[in-house]
Amino acid sequence: MPKLHEHAAVQWPPEGVRRIPYAVYSSQEIFDREQEAIFHGPIWHFLGLEAQIPDPGCYVLARIGATPILVVRNHQGGINAMVNRCSHKGTPLAYIPAGKVRRFMCIYHNWCFDLDGNMTSAAFERGLDGKGGMAPTFDKAEHGLHRLRVHTAHGLIFGTLSEQTPPFDEYLGADLVANMARVCGRPLRILGQYSQKLHSNWKLYIENVKDPYHASILHAFNGVMKQDRLTMEGGIVMGARGWSHISYSKMSTDRGDEHYRTDELRSASLSAYGFGLRDKSITDVWDDFGDGVSMTIQTVFPNFVLQQLRNSLAVRTIVPVGTHESELRWIAFGYADDDERKHAGRLKQANMMGPAGFIAMEDGMIGGLVQKGIAGDLDKAAVIEMGGHGIDPIPGSRLSEGSVRGFWTGYRALMGL
């Protein structure tokens with residue numbers, strides 16, 4: 001990978017990925033470089049769920065970094081992903097987030113494209129009364145849409161803008177592919193979608209997701225209500241090269257009351273006030289998979305999350321907007337064969353976890369606080385040493401920032417930092 005020039009906005013500390021320079025969250029130069037090195041680089045990016053486009057002509061919009069993407073099921077039932085940009089002037093062909101069409105027609109000059117991205121016509125292509133029209137050198141076959149390589153995995157749709165991206169299973173690793181099959185290997189039912197505007201750099205959010213250290217500390221509710229604690233049986237599984245990961249736990253194994261009642265943790269003071277839920281059904285859970293695992297958080301480098309939080313199932317994508325702003329997009333889902341009790345339970349849990357609940361609200365808030373806290377001292381760096389210096393997981397423990405260091409290992413390799 002090419003190196004940043006010698007006057008780069010970021011000079012990485014000699015300690016490597018156990019120090020993260022604050023400037024990497026604020027530099028416009030870094031943000032611009034990410035678009036090419038990461039989002040247009042040899043990376044698989046999440047684009048949507050097959051359940052969102054069940055029939056030919058159904059489409060959804062997505063983004064890979066700053067690039068708008070159109071995901072559509074064609075007339076043969078296959079899935080295409082294309083840059084959502086007319087080849088004439090660059091106008092987006094679709095601007096409603098999802099819909100169903102026979103073809104794509106640009107609103108500006110009515111250039112038309114089929115569901116495979118081939119250009120089929122242009123308004124007044126042959127002119128009028130023998131006058132005007134496109135030049136004789138114009139060939140519609142040369143002006144189709146930019147198509148991505150697409151891979152589907154258990155109902156999840158991924159795409160890449162690079163020809164150098166390795167095969168999906170090789171990119172991700174067998175353990176992470178297996179967890180996708182575990183969570184998404186049944187027909188899915190979409191429950192709803194929502195998004196959050198975050199006042200922070202996109203990397204602060206993905207760091208947060210890869211950090212099990214905070215989950216029962218920032219989210220004191222988890223500790224008080226025994227939803228997720230570091231004292232539960234669990235661990236971290238690293239994907240290929242350590243860039244992606246899974247964090248998991250088993251709620252029924254917790255024996256950590258004494259640890260979460262100490263004055264060192266905020267959950268202890270909350271417990272003293274007797275905080276709890278009036279509607280106990282929100283925390284009624286069942287074992288979806290018969291393995292006792294009540295939580296899995298899986299990331300796919302750089303910005304995708306597959307969530308199983310008790311029975312709250314969702315995919316999340318953190319979309320960069322600017323150096324100090326990002327958008328977190330959620331799709332909550334259940335299974336097509338869920339009965340009404342499970343359907344209602346998943347909705348309740350999704351609302352509890354989502355941006356109006358206890359978890360996503362705090363994750364969104366903390367990134368904004370960090371962004372404010374580092375302003376003015378961008379020559380300094382964060383300390384990432386929980387669990388050591390490397391990226392290898394600690395067997396049977398989630399008390400580590402190794403998966404955070406794994407993200408930065410991949411990031412540095414692609415960015416040349």
Side-chain angles (χ1 to χ4, degrees), residues 9-10 17 19-35 38-39 46 63 65-66 193-224 227-228 247 265-267 269-270 275 297 299 301-305 307 309 312 314-332 350-384 386 401 403-405 407-408 411 415:
V10 172
V17 292
R19 295 290 185 275
I20 312 303
Y22 290 158
V24 82
Y25 307 110
S26 300
S27 163
Q28 187 64 50
E29 179 184 343
I30 289 292
F31 183 85
D32 294 341
R33 171 70 181 134
E34 289 170 351
Q35 300 304 313
I38 292 180
F39 295 103
F46 176 74
R63 295 191 75 85
Q193 302 180 53
Y194 38 84
S195 69
Q196 291 171 259
K197 179 180 178 180
L198 306 185
H199 299 284
S200 55
N201 189 275
W202 69 275
K203 298 183 293 296
L204 284 170
Y205 181 79
I206 204 67
E207 265 195 332
N208 174 278
V209 176
K210 295 177 75 71
D211 163 29
Y213 182 24
H214 86 282
S216 57
I217 300 174
L218 172 65
H219 308 308
F221 167 83
N222 276 338
V224 173
Q227 296 291 294
D228 183 27
S247 175
L265 298 180
R266 190 164 61 95
S267 58
S269 61
L270 293 180
F275 282 6
I297 291 292
T299 60
F301 183 94
N303 63 335
F304 170 71
V305 183
Q307 160 195 310
L309 295 175
S312 174
V315 290
R316 316 178 206 163
T317 311
I318 183 68
V319 179
V321 176
T323 57
H324 291 59
E325 184 180 345
S326 52
E327 181 189 0
L328 180 59
R329 298 179 176 181
W330 300 67
I331 307 172
N351 287 327
M352 182 176 69
M353 302 298 169
F358 290 104
I359 307 301
M361 174 186 65
E362 293 170 334
D363 285 335
M365 171 272 298
I366 201 66
L369 289 180
V370 172
Q371 197 80 59
K372 291 178 180 179
I374 65 178
D377 286 296
L378 300 184
D379 58 329
K380 294 181 170 54
V383 178
I384 311 295
M386 179 62 73
E401 294 171 310
S403 49
V404 178
R405 293 188 289 270
F407 169 83
W408 288 110
Y411 183 89
M415 291 286 287

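Any value given below was found using the heavy atoms of this structure, including those in side chains, with hydrogens, waters and symmetry copies removed. Worth saying up front: this structure is predicted, and the values here are computed from it rather than measured.
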I'd like to know if Lys203 pairs up with Glu34 as an ion pair, taking the criterion as any Lys NZ or Arg NE/NH1/NH2 lying under 4.0 Å from an Asp or Glu carboxylate oxygen.
yes
Does the side chain to side chain contact (heavy atoms under 4.5 Å, CB included) test come out yes or no for Lys380 and Ile374, once each step is laid out?
CA-CA 8 Å; Lys380 294 181 170 54; Ile374 65 178; over 6 Å; no
Looking only at the side chains, is there a donor atom on one of Tyr194 and Arg329 sitting less than 3.5 Å from an acceptor on the other?
no
Interatomic distance, Lys210 atom NZ to Asn208 atom CG [nearest 0.5 angstrom]
12.0 Å
So which of Leu204, Val209, Val305, Leu328 actually passes side-chain contact (heavy atoms from CB on, under 4.5 Å) with Ile318?
Leu328
Please check this pair: side chain of Gln193 against backbone of Ile331, looking for a donor-acceptor N/O pair closer than 3.5 Å.
no
What one should report as the nearest heavy-atom pair of Ala381 and Arg19 is CB-CB, 4.2 Å
Check the angle between the aromatic planes of Trp202 and Tyr411 and answer parallel, tilted or perpendicular using the 30° and 60° thresholds.
tilted
What class does the angle between the rings of Trp408 and Tyr25 fall in, given that below 30° is parallel, 30 to 60° is tilted and above 60° is perpendicular?
perpendicular
Is it the case that the side chains of Gln371 and Ser26 hold a donor-acceptor pair, with the cut-off being a distance below 3.5 Å and no angle test?
yes
With side chain to side chain contact (heavy atoms under 4.5 Å, CB included) as the test, would you mind laying out the steps for Glu362 and Ile366 before giving the verdict?
CA-CA 6 Å; Glu362 293 170 334; Ile366 201 66; over 6 Å; no
Do Gln307 and Trp330 get their side chains close enough for a donor-acceptor pair, meaning under 3.5 Å?
no
